[in-house]
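Structure first, then comments.
Start at 1 with the first residue, then count along the sequence. Scope of the values below: all heavy atoms of this structure, side chains included, with no hydrogens, waters or symmetry mates. The shown structure was predicted, so the numbers you read here are calculated from the model rather than taken from an experiment.
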Amino acid sequence: MSTLVLTSHGRFCEELKKSVELIFGPQDEIRTLALLPEEGEEDYVRKFKALQEETNGDKLIVLADLMGGTPANQVSKFVMQGANIDLYTGMNMPMCISYLNAQMTGQPLNLVSDATQGVQYLNDMVPKNE
């Protein structure tokens, strides 16, 4: 069993979850962990540890907003200590949808390829009126 955790600077993770829920409906199994402006690293680590306890040892699939940012850096410390965590950065909506689709179909996770395939320059793809 795994739990998807969305984490970010500010409330981006919470709003991303709401956007995913517009497509898939309520997703109680998706957890969010926002680093708020008034919080520091210690606050974030405390909240992350509490989340780990609440998920009863489930494998955590953590999507962080930014490589090198506090959320990703702090979670990477847990990874280095051997925690049952898969950590990805560059969190976006295609990654969340990919996770949910894999859960529903039993297919393997392809978060990185699914996320990057969603990046397209549409001007080159749409017909132009000339």
Side-chain angles (χ1 to χ4, degrees):
M1 180 85 183
S2 66
T3 299
L4 181 62
V5 179
L6 309 180
T7 187
S8 64
H9 296 82
R11 300 198 182 275
F12 171 56
C13 58
E14 296 167 0
E15 297 303 320
L16 179 58
K17 179 183 177 190
K18 289 178 187 176
S19 294
V20 169
E21 289 177 330
L22 284 173
I23 298 169
F24 284 92
Q27 298 296 315
D28 295 332
E29 72 280 0
I30 296 178
R31 307 298 299 272
T32 61
L33 186 59
L35 173 63
L36 301 175
E38 65 274 9
E39 296 176 327
E41 289 179 0
E42 300 81 23
D43 300 305
Y44 183 85
V45 169
R46 184 178 28 75
K47 292 188 327 185
F48 188 79
K49 285 180 179 178
L51 187 149
Q52 282 183 305
E53 289 176 18
E54 292 169 12
T55 56
N56 297 318
D58 284 354
K59 179 182 191 87
L60 300 181
I61 309 297
V62 179
L63 307 184
D65 59 349
L66 182 66
M67 188 165 120
T70 298
N73 288 348
Q74 293 307 312
V75 175
S76 70
K77 291 177 183 178
F78 289 89
V79 172
M80 288 188 288
Q81 295 168 1
N84 193 15
I85 298 170
D86 286 345
L87 174 60
Y88 298 85
T89 60
M91 172 177 68
N92 60 37
M93 197 164 182
M95 292 173 88
C96 297
I97 290 171
S98 177
Y99 174 86
L100 292 171
N101 282 334
Q103 292 295 340
M104 290 186 304
T105 63
Q107 297 296 311
L109 286 177
N110 295 309
L111 298 182
V112 174
S113 62
D114 290 347
T116 57
Q117 287 176 9
V119 178
Q120 300 290 327
Y121 182 60
L122 289 183
N123 287 34
D124 289 341
M125 302 171 101
V126 298
K128 299 183 180 53
N129 294 329
E130 294 181 29

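Here the side chains of L33 and Y44 are in contact, with some heavy-atom distance below 4.5 Å. Contact check for I85 versus F48: side-chain heavy atoms found under the 4.5 Å cut-off. In this structure, the side chains of N101 and Q107 stay at 4.5 Å or more apart for every pair of heavy atoms.
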Q: Determine, stepwise, if the pair V45 / F78 fulfils side-chain contact (heavy atoms from CB on, under 4.5 Å).
A: CA-CA 10 Å; V45 169; F78 289 89; 4.1 Å; yes
Q: Determine, stepwise, if the pair K59 / T3 fulfils side-chain contact (heavy atoms from CB on, under 4.5 Å).
A: CA-CA 6 Å; K59 179 182 191 87; T3 299; over 6 Å; no
Q.
For a side-chain contact (heavy atoms from CB on, under 4.5 Å) check, start with the C-alpha distance between D86 and V62, then their side-chain angles and the critical distance, and finish with the verdict.
A. CA-CA 6 Å; D86 286 345; V62 179; over 6 Å; no
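Within the hydrophobic cluster formed by Ile, Leu, Val, Met, Phe, Trp and Tyr side chains joined at under 4.5 Å, directly or through other members, M95 is accompanied by L4, L6, F12, L16, V20, I23, F24, I30, I61, L63, Y88, M91, M93, I97, Y99, L100, M104, L109, L111, V112.
Note: N73 CG to T89 OG1 = 10.0 Å, rounded to the nearest 0.5 Å. Residue D43 holds its CG atom at 10.0 Å from CD of E41, rounded to the nearest 0.5 Å. Here the OG-CD distance, from S19 to E14, works out to 12.0 Å after rounding to the nearest 0.5 Å. Atoms CD and NE2, from E39 and H9 in turn, are 11.5 Å apart once rounded to the nearest 0.5 Å. In this structure, OG1 on T32 lies 6.0 Å from NZ on K17, to the nearest 0.5 angstrom. Summarising the geometry, atom SG belonging to C13 is positioned 11.5 Å from atom CZ belonging to R31; distances are rounded to the nearest 0.5 Å.
S8 and D65 form no side-chain donor-acceptor contact under 3.5 Å, judged by distance and modelled atom types alone. Judged by distance alone, the side chains of S2 and D58 never bring a donor and an acceptor atom under 3.5 Å apart.
Minimum interatomic distance between A72 and L87 (heavy atoms only, all atoms of both residues): O-CD2, 3.6 Å.
By the neighbour-count criterion of 12 heavy atoms within 6.0 Å, atom CG of D124 is densely surrounded, having more than that number from other residues, nucleotides or ligands.
Between the T55 side chain and the L51 main chain, a donor and an acceptor come within less than 3.5 Å of each other. A donor-acceptor contact shorter than 3.5 Å is absent between the side chain of K47 and the backbone of E42.
At a threshold of 4.5 Å between side-chain heavy atoms, the hydrophobic network of Ile, Leu, Val, Met, Phe, Trp and Tyr places L35 and V79 in one connected group.
Under the side-chain contact (heavy atoms from CB on, under 4.5 Å) criterion, Q120 pairs with L122, M125, not counting sequence neighbours.
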